Amino acid sequence: AKQAGRNCSRYFLASMNQSLDERLNLESELRQALSAGQLQLHFQPKLALADARVLGMEVLLRWPHPVRGWVPPDRFIPVAEECGLINALDAWVLEAACRQLRDWAEAGLPGLQLSVNVSALRFVQDDVAAHVQQQLQRHGLQASQLTLEITERLMLDERGRPHEQLLALDAMGVRLSVDDFGTGYSSLSYLKRLPVSEIKLDKSFVRDLDSDPDDRALASAVISIGQALDLSVVAEGVETEAQRETLLRLGCRIGQGWLFGRPMDAQAMAQWLRSRER
Ligand code: C2E
Ligand code: CA
Ligand code: CA
Ligand code: CA
């Protein structure tokens with residue numbers, strides 16, 4: 001038993017070391033990628049579920065790694081949060097997104113709406129509201145063209161710096177969206193006090209909507225909360241026509257997902273938008 005325990009702990013330590021090494025590699029490679037301009041924005045359309053009208057798009061960060069291939073954000077965002085790189089990373093995304101909006105406007109695609117993900121940590125460590133204001137001004141954009149998607153984690157702390165920034169952003173006219181709604185552990189009372197205008201139904205509730213009655217009940221509850229509080233409810237991960245119909249029946253009017261469009265780069269997105277104008 002003693003022997004087994006020792007092996008076990010050695011194995012455990014080895015795997016921990018490996019993952020620490022791996023993290024350090026990722027961290028330094030991510031820093032390099034950011035400063036070398038190797039990160040990219042992709043865009044996924046957000047549509048009216050009833051008639052597929054385009055309402056906006058979400059900006060999703062992409063890292064094409066020369067050796068690893070595409071590193072998924074679920075892999076590198078947590079690393080960036082742990083090593084303090086998330087502020088620079090999300091600041092870069094915001095600036096690049098605003099620049100893209102302006103370029104599209106100049107190319108004859110004006111008035112588009114963009115949703116940008118911002119790590120809750122950045123609201124604690126950085127002045128997001130000031131940066132947003134600066135970027136909107138610099139690129140000649142309306143505040144109403146921008147939505148910030150924030151996870152519930154941020155809403156837990158209803159005082160202090162993050163809260164003040166949410167109020168400042170709202171006063172500027174920037175929309176605030178609660179991402180992954182219902183997957184956190186937070187109470188709902190913040191919805192009453194904070195200037196939120198949208199909640200996003202996480203794709204984990206949408207996936208088995210038509211086979212799992214529990215998921216349907218939870219999705220329905222989230223949609224009802226949104227309706228009762230006069231918030232937009234956006235369903236994530238809509239992949240099938242059956243899911244679209246069920247969501248509409250439950251009262252959800254907006255969605256995004258592979259059924260309508262995968263995340264695509266800026267050029268493909270512009271083409272996609274133009275092809276729908278006709
Ligand atoms: P999220 O904000 O919940 O984004 C939705 C995720 O669902 C995206 O994954 C998107 O590509 C994926 N998705 C979209 N449609 C479908 C579908 O029909 N089916 C399925 N199965 N998946 C779909 P992605 O791009 O891998 O991003 C993962 C997460 O990384 C995001 O989750 C977000 O939390 C984070 N993230 C992405 N970009 C940024 C960023 O610029 N800043 C920060 N802080 N986080 C980001
Ligand atoms: Ca999001
Ligand atoms: Ca989600
Ligand atoms: Ca998320």
Side-chain angles (χ1 to χ4, degrees), residues 30 33-34 39-47 49 56-65 69-100 113-126 128 131-132 135 146-154 162 175-184 196 198-210 215 218-219 222 232-244 247 254-266 268-269:
L30 185 57
L34 178 62
L39 300 176
Q40 300 176 8
L41 302 186
H42 280 200
F43 303 85
Q44 185 178 39
K46 190 166 104 175
L47 302 96
L49 289 173
M57 46 205 149
E58 178 175 3
V59 176
L60 294 160
L61 188 54
R62 291 292 179 264
W63 182 10
H65 189 286
W70 297 90
V71 187
D74 284 334
R75 198 75 198 292
F76 67 80
I77 294 285
V79 173
E81 287 183 335
E82 275 169 41
C83 72
L85 193 59
I86 192 66
N87 294 334
L89 204 62
D90 275 351
W92 180 84
V93 170
L94 181 70
E95 172 157 16
C98 288
R99 201 183 315 124
Q100 185 61 67
Q113 304 275 328
L114 270 198
S115 293
V116 174
N117 293 287
V118 183
S119 165
L121 259 190
R122 194 176 171 221
F123 280 88
V124 180
Q125 299 171 349
D126 209 356
V128 182
H131 189 230
V132 164
Q135 291 304 319
L146 187 66
T147 299
L148 300 187
E149 298 191 1
I150 312 151
T151 52
E152 282 177 312
R153 238 196 316 168
L154 186 69
R175 297 177 78 240
L176 300 173
S177 170
V178 183
D179 215 345
D180 302 342
F181 185 83
T183 63
V196 166
E198 174 184 288
I199 55 183
K200 296 194 80 170
L201 177 64
D202 192 66
K203 59 179 182 289
S204 60
F205 297 120
V206 174
R207 190 181 47 226
D208 299 323
L209 205 53
D210 293 297
D215 280 344
L218 288 169
V222 168
S232 312
V233 181
V234 180
E236 276 183 355
V238 185
E239 294 181 2
T240 68
E241 177 57 25
Q243 289 166 342
R244 185 187 74 89
L247 287 162
I254 309 172
Q256 52 188 105
W258 298 343
L259 177 65
F260 310 109
R262 302 224 172 201
M264 46 196 136
D265 66 23
M269 189 70 210

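Every number for a ligand or one of its atoms is a count from 1 in the order of the listing. What you see below is based on every heavy atom in this structure, not just the backbone, and it leaves out hydrogens, waters and symmetry mates. Keep in mind that this is a model prediction, so the values were computed, not measured.
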Looking at the Ca ion (ligand 2), is one of the N, O or S atoms of Glu236 less than 3.0 Å from it?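 No, since none of the N, O or S atoms of Glu236 sits under 3.0 Å from the Ca ion (ligand 2).
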
Tell me, please, if Asn117 has any N/O/S atom, main chain or side chain, under 3.0 Å from the Ca ion (ligand 2)?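 It does: Asn117 brings an N, O or S atom closer than 3.0 Å to the Ca ion (ligand 2).
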
Would you mind running through ligand 1 and noting each atom that sits below 4.0 Å from a heavy atom of Gln44?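 Per the distance check, 14 (C), 15 (N).
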
Show which atoms of ligand 1 fall inside a sub-4.0 Å distance from at least one heavy-atom site of Asp74.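 With Asp74 as reference, the close atoms of ligand 1 come out as 28 (C), 29 (C), 30 (O).
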
Hey, does [X] sit under 4.0 Å from ligand 1 if you only count heavy atoms?
X: Glu58; value: yes
X: Gln256; value: no
X: His42; value: no
X: Pro72; value: no

For the residue pair Ser232 / Glu198, report whether a side-chain donor-acceptor contact shorter than 3.5 Å exists.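 Short answer, no.
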
Would you give the angle at the Ca ion (ligand 2) between Glu58 atom OE2 and Asp179 atom OD2, to the nearest 10°?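 Roughly 160°, rounded to 10°.
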
Close side-chain approach of Trp92 to Leu41, heavy-atom, < 4.5 Å: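 SC-SC contact between Trp92 and Leu41 confirmed.
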
Could you tell me whether a side-chain N or O of Gln135 sits under 3.5 Å from a main-chain N or O of His131, the two making a donor and an acceptor?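 Not a single qualifying donor-acceptor pair exists.
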
Using a 3.5 Å cut-off on N or O atoms only, is Glu149 in polar contact with ligand 1?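 No, there is no polar N/O contact under 3.5 Å.
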
